[in-house]
Visitor: 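The structure's right below; bear with me while I get my questions together.
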Amino acid sequence: MAGTDGRVNPGVEGMERLEGMERLEGMEGMEGVKGVKGSDGVEDADGARGALRRLADPRSLRWRIVAVVAVAACAMAVGIGVLVHRTTVDRSRHISAGYVLRELDTAVAEYRGTRPVPPRPTVDPGYLSGDEVPDRLRSLLAGQPDATAVTWYDTESRQGPWMWAAQRVDGEVIAANMHMGAEERSIQALDRHIRYATMATLGVVVPSTLLAAELVLRRLRRVAGTARRIKRGDLDARTLSRRHDEIGEISSAVDLMADALQERLRAEQRFTADVAHELRTPLAGLVTSASLLPEGEATDLVRDRVQVLHGLVDDLLEVSRLDAGTEEADLRPVPLDELVTESVRRAGLEPDTRVSVVGRPVAVTDPRRLDRIVTNLLVNAHRHGGAPVEVLVEGTSIVVRDHGPGYPPELLAHGPQRFRTGTAARGQGHGLGLTIAEGQARVLGADLTLSNVGGRAGDAGGAVATLVLPASAEAARATTEWG
């Protein structure tokens, strides 16, 4: 761990690790901000797990669609099943009633003796009378004139359902019946088959609905992915939808928005580049003129302001080069502890900066660009934050933390933006330091994340900038190409 002079003392590695762990614990509650690679890099790496999570999420639109279709299919199946059940029952009872009435006519003829009966006294007559006729059937005949037949479906018998027909003949009630067990079992089998058919229908409808919903949701996800790519800075991202349905209208609206945003941002970039280049010539003359002034307090003040203006123009030129997207990193192995210590020394920030190094970290990166990032983060922490400023170097990550009011909410929500410095609590500036740091990190294929200890702007824990470099040159090139 380094003292106030910024030099690294490698002999106290245990204390370094302890301080590193304490800082990491303090950073657990931090609110993540804007990473150069964005949240979609994680989604791409965990695509399969993300798809499974979306599939299993009950709040997903696909499951709502499936639920609506399944309920509609069940309601239709129940309606059709009830209709078929009632129709079948009515038809069965109607046919059974007709059969029993014919049997009753035969029984009446046998009772009156108009139908010859074989001389077999041991055989019971083909009708029922007297106490064999149920009381319910007798009550139905009460008040009915003779020769009027009534029917009754008996479900009260222990032997199963019966269809009865009765008629009063010469004051005597004559009845005939028919056992309905076979018909009842046929209806139960029909109901069972209807249930099986309903489940089979759902087995076909639910997967089909899932597939149809997935085709629609895939298009919606493509639109959302395009919007996220535009948010990350890919101004050429488009949905390129050629369909003329509702989703096609949304896609066209996103494309039109992207065109307008691209034109606006390019106009802003052109303006920045034009201003920087136009200021170079008069600024060079101003620097020369300031150097010719006689020594004095006024001269020192003019020279100081000229240097500030010179630095601003250099920053604008660097921003315009980064906006052009033509910058390439010169990758080589770099000892991170030496580079960070040298950046602190060269920036003149040694008295109020504590550098902690865990191990002997080495990364494959561009030292000039990395020095620019670290210097900008350190200057930003000292200018807008509060002392002491702590730097933790571990593995391929560099963490810069101050103890000021933290980053403003606008910066946490939208990331660094040129000429926007956030709240007055973090001082004045041009808003270019973090913008350049972010652009250079993108060139290196690194991930720069801004956050606050405690998770909110204004917390006493201060602001934290975390730079994570690629582990290898191949990873750096691949990340740069992806970005």
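In this text the structure is predicted, and so the values were computed from the model without any measurement. Residues take their numbers from the sequence shown, with the count starting at 1.
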Visitor: Return yes if some donor-acceptor pair links the side-chain N/O of T87 with the main-chain N/O of V84 below 3.5 Å, else return no.
Guide: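 No: the side chain of T87 does not pair with the backbone of V84.
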Visitor: How about H85 and L190: do any of their side-chain heavy atoms sit closer than 4.5 Å?
Guide: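 No, every pair of side-chain atoms sits at 4.5 Å or beyond.
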Visitor: Looking just at side-chain N and O atoms, do D236 and Q262 make a donor-acceptor pair shorter than 3.5 Å?
Guide: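 Yes, side-chain donor-acceptor contact under 3.5 Å.
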Visitor: What closest approach, in Å, do M180 and M163 show between heavy atoms, and which atom pair accounts for it?
Guide: CG-N, 3.7 Å
Visitor: Please report the interatomic distance OG1(T466) to CD1(I398), rounded to the nearest 0.5 Å.
Guide: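 These two atoms lie 10.5 Å from each other.
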Visitor: If you define the side chain from C-beta out and look only at heavy atoms, does anything of V374 sit under 4.5 Å from V400?
Guide: no
Visitor: In Å and rounded to the nearest 0.5 Å, what is the OG1 to CG distance from T396 to L336?
Guide: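 Output value for this atom pair is 8.0 Å.
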Visitor: Go through the steps for V89 and R93 under the test side chain to side chain contact (heavy atoms under 4.5 Å, CB included), then give the verdict.
Guide: CA-CA 6 Å; V89 168; R93 291 183 182 180; 3.5 Å; yes
Visitor: Is the number of heavy atoms from other residues, nucleotides or ligands within 6.0 Å of OH (Y99) greater than 12?
Guide: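 Open: at most 12 neighbouring heavy atoms sit under 6.0 Å from OH of Y99.
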Visitor: Is a side-chain donor or acceptor of S92 paired with a backbone partner of T88 at a separation under 3.5 angstrom?
Guide: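 Side chain of S92 to backbone of T88: no pair is present.
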Visitor: Would a 4.5 Å heavy-atom cut-off, applied to side chains only, mark L339 and S343 as touching?
Guide: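 L339 reaches S343 side chain to side chain.
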Visitor: Indicate the atoms forming the closest heavy-atom contact of I247 with V216, along with that distance.
Guide: CD1-CG1, 3.3 Å
Visitor: Would you call R221 and E214 a salt bridge, using N to O less than 4.0 angstrom?
Guide: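 Looking at R221 and E214, the cut-off is met.
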Visitor: Would you say that T151 contacts L140 through its side chain, given a criterion of any heavy-atom pair below 4.5 Å between the two side chains?
Guide: no
Visitor: If we only count heavy atoms from C-beta on, is the P134 to W152 side-chain gap below 4.5 Å?
Guide: yes
Visitor: Would you find a donor on one side and an acceptor on the other, under 3.5 Å apart, between the side chain of H403 and the backbone of P388?
Guide: yes
Visitor: Any ion pair linking E183 and R91 (charged N to carboxylate O, less than 4.0 Å)?
Guide: no
Visitor: Show the numbers, then the answer: is there a salt bridge (Lys or Arg N to Asp or Glu O under 4.0 Å) between E328 and R369?
Guide: CA-CA 10 Å; E328 294 184 1; R369 299 183 189 277; over 6 Å; no
Visitor: Output the distance between atom CZ (R368) and atom CG (L444), rounded to the nearest 0.5 Å.
Guide: 9.5 Å
Visitor: Count the heavy atoms of every other residue, nucleotide or ligand shown that sit under 6.0 Å from CE of M76, and state whether that count exceeds 12.
Guide: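 For M76, atom CE is not crowded (no more than 12 foreign heavy atoms under 6.0 Å).
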Visitor: What heavy-atom pair brings G248 and R219 nearest, and what distance separates the two atoms?
Guide: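 In terms of heavy atoms, the two residues are closest at N-NH2, 3.6 Å.
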Visitor: Give a yes or no answer on whether the side chain of N452 reaches the backbone of Y407 with a donor-acceptor pair at less than 3.5 Å.
Guide: yes
Visitor: Out of curiosity, R401 CZ to S451 OG, how far, rounded to the nearest 0.5 Å?
Guide: 10.0 Å
Visitor: If we ignore hydrogens and angles and just use 3.5 Å, is the side chain of D255 paired with the main-chain N or O of T239 as donor and acceptor?
Guide: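 Yes: the side chain of D255 pairs with the backbone of T239.
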Visitor: With a 6.0 Å cut-off (strictly less than), is the heavy-atom count around CD of Q144, excluding the residue itself, greater than 12?
Guide: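 Correct, the count exceeds 12.
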Visitor: Measure the CG-OG1 distance between D337 and T341 for me, rounded to the nearest 0.5 Å.
Guide: 6.0 Å
Visitor: What I'd like to find out is whether the side chain of N376 reaches to under 4.5 Å of the side chain of R372, using heavy atoms alone.
Guide: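 A side-chain contact under 4.5 Å exists here.
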Visitor: Within a reach of under 6.0 Å around CZ of R138, are more than 12 heavy atoms found that belong to other residues, nucleotides or ligands?
Guide: yes
Visitor: In sequence, state the C-alpha distance, the side-chain angles, and the governing distance for L210 and W63, and then conclude on side chain to side chain contact (heavy atoms under 4.5 Å, CB included).
Guide: CA-CA 8 Å; L210 276 174; W63 289 114; 4.1 Å; yes
Visitor: Which residues pass the salt bridge (Lys or Arg N to Asp or Glu O under 4.0 Å) test with R332, not counting sequence neighbours?
Guide: D330
Visitor: State whether the number of non-hydrogen atoms from other residues, nucleotides or ligands found under 6.0 Å of H193 atom NE2 is greater than 12.
Guide: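 Buried by this count: over 12 neighbours within 6.0 Å.
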Visitor: Please give me the minimum heavy-atom distance between A347 and T375, naming the atom from each residue.
Guide: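 That would be CB-CG2, 4.3 Å.
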Visitor: Do you know which two heavy atoms are closest between P470 and G445, and how far apart they sit?
Guide: CG-O, 3.2 Å
Visitor: Nearest 0.5 Å please: distance from the CZ atom of R62 over to the CG atom of L215.
Guide: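 Output value for this atom pair is 11.0 Å.
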Visitor: Between A441 and I373, what is the shortest heavy-atom contact and its length?
Guide: N-CD1, 3.5 Å
Visitor: Determine whether D402 and H384 make a side-chain contact, defined as any pair of heavy atoms from C-beta on separated by less than 4.5 Å.
Guide: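 Heavy-atom side-chain distance check fails, nothing below 4.5 Å.
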Visitor: Do D366 and L370 come close enough that some side-chain heavy atom pair is under 4.5 Å?
Guide: no
